[in-house]
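Atoms within a ligand are numbered from 1 in the order they appear, just like the ligands themselves.
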Amino acid sequence: MIKLSHIEKTYEGSSGPVMALKGIDLEIKRGEIYGIIGLSGAGKSTLIRCINMLEKPTAGKVIVDGQDLTAMNDSQLRAARKNIGMIFQHFNLLSSATVYENIAFPLKLGGCSKEAIEKKVQPLLQLVGLNDKQHQYPAQLSGGQKQRVGIARALASDPKVLLCDEATSALDPQTTKAILELIKDINQKLQLTVVVITHEMQVIKEICDKVAVIEHGVIAEKGTVLEVFTNP
Ligand code: ADP
Ligand code: ADP
């Protein structure tokens with residue numbers, strides 16, 4: 001489903017170039033929940049942002065669902081990105097929009113009719129368990145509820161891939177568990193491929209099938225969670 005080949009990313013930092021990714025190869029199969037773990041500064045954010053080309057790799061190829069994103073122009077990329085939902089550590093919700101409007105936002109941008117939007121948003125509210133909150137604003141919600149909105153919004157365009165960028169790092173352990181269960185549930189119900197980046201081992205153990213450990217822009221180790229985290 002996702003194939004990264006020899007991905008490199010160099011930033012032009014103020015004190016010279018910073019090579020954040022130094023040749024990453026990774027293959028993620030359809031329906032897998034794949035974790036990427038590493039310390040702060042290891043390159044996790046850069047890597048996950050290369051999967052939807054929010055960051056353009058300096059070298060290498062990004063293939064998602066058979067399409068080479070690194071060979072596309074901007075309008076082709078916009079279309080291909082509908083296939084890739086993303087959720088964030090700080091949720092990135094529109095504070096002046098209601099729960100319903102936040103979820104509807106990508107559909108509205110995509111030019112959907114009011115009726116089509118309504119038909120799409122109601123089942124998503126149901127899926128994430130927020131039916132009774134649809135007229136509330138983000139400031140009236142708990143962190144876990146905000147992330148549920150983020151998840152519903154990410155799913156609005158029927159993506160095949162969900163990218164989770166430290167999606168539970170701002171949540172308490174109990175809420176983290178509930179959000180991870182929801183992600184797992186969605187993965188199974190929708191046959192969604194999920195990529196999770198985190199600095200927390202517990203998140204990986206809780207839901208991931210496979211894991212890659214990233215250190216200073218290279219993959220130090222990868223395999224099933226059992227293989228990587230069981231000491232011989
Ligand atoms: P992580 O998500 O694992 O904390 P990042 O991908 O954010 O790691 O960062 C990897 C490295 O790239 C770090 O050294 C960071 O300082 C650097 N970096 C990230 N973004 C930029 C940027 N926009 N400009 C310059 N350096 C950056
Ligand atoms: P997170 O780890 O939650 O993604 P960061 O604080 O690492 O947040 O990064 C926030 C933003 O700043 C990102 O867009 C990242 O690319 C950018 N960034 C990170 N490190 C640097 C850096 N050394 N120089 C410039 N921008 C950076």
Practice problem: Could you tell me whether Glu12 atom CD has more than 12 heavy atoms of other residues or ligands within 6.0 Å of it? | Solution: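 For Glu12, atom CD is crowded (more than 12 foreign heavy atoms under 6.0 Å).
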Practice problem: Mark yes when over 12 heavy atoms from residues, nucleotides or ligands other than Phe88 sit less than 6.0 Å from its CZ; otherwise mark no. | Solution: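 Correct, the count exceeds 12.
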Numbered atoms of ligand 1 (with element) below 4.0 Å of [X], judged on heavy atoms:
| X | value |
| --- | --- |
| Leu39 | 3 (O) |
| Lys44 | 1 (P), 2 (O), 3 (O), 4 (O), 6 (O), 8 (O) |
| Gly43 | 1 (P), 3 (O), 5 (P), 6 (O), 8 (O), 10 (C) |

Quiz item: Among pairs that include at least one residue of residues 115-133, which meet salt bridge (Lys or Arg N to Asp or Glu O under 4.0 Å), considering only residues two or more places apart or in two chains?
Solution: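 For residues 115-133: Lys120-Asp158.
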Practice problem: Not counting sequence neighbours, list each pair that qualifies as a salt bridge (Lys or Arg N to Asp or Glu O under 4.0 Å) and has a residue in residues 20-30. | Solution: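 Only Arg30-Asp65 qualify under salt bridge (Lys or Arg N to Asp or Glu O under 4.0 Å).
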Exercise. Give a yes/no verdict on whether any heavy atom in Gly38 is under 4.0 Å from an atom of ligand 1.
Key: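 No; Gly38 lies far enough from ligand 1 that no heavy-atom distance drops under 4.0 Å.
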Under 3.5 Å between some N or O of ligand 1 and some N or O of [X]?
| X | value |
| --- | --- |
| Gly13 | no |
| Leu47 | no |
| Ala20 | no |

Practice problem: Would you mind checking if Asp74 and Lys56 are paired as a salt bridge, meaning a charged N to carboxylate O distance below 4.0 Å? | Solution: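 Salt bridge present between Lys56 and Asp74.
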Quiz item: Would you find a donor on one side and an acceptor on the other, under 3.5 Å apart, between the side chain of Asp209 and the backbone of Ile33?
Solution: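 Yes; judged by distance alone, with no hydrogens or angles, the pair exists.
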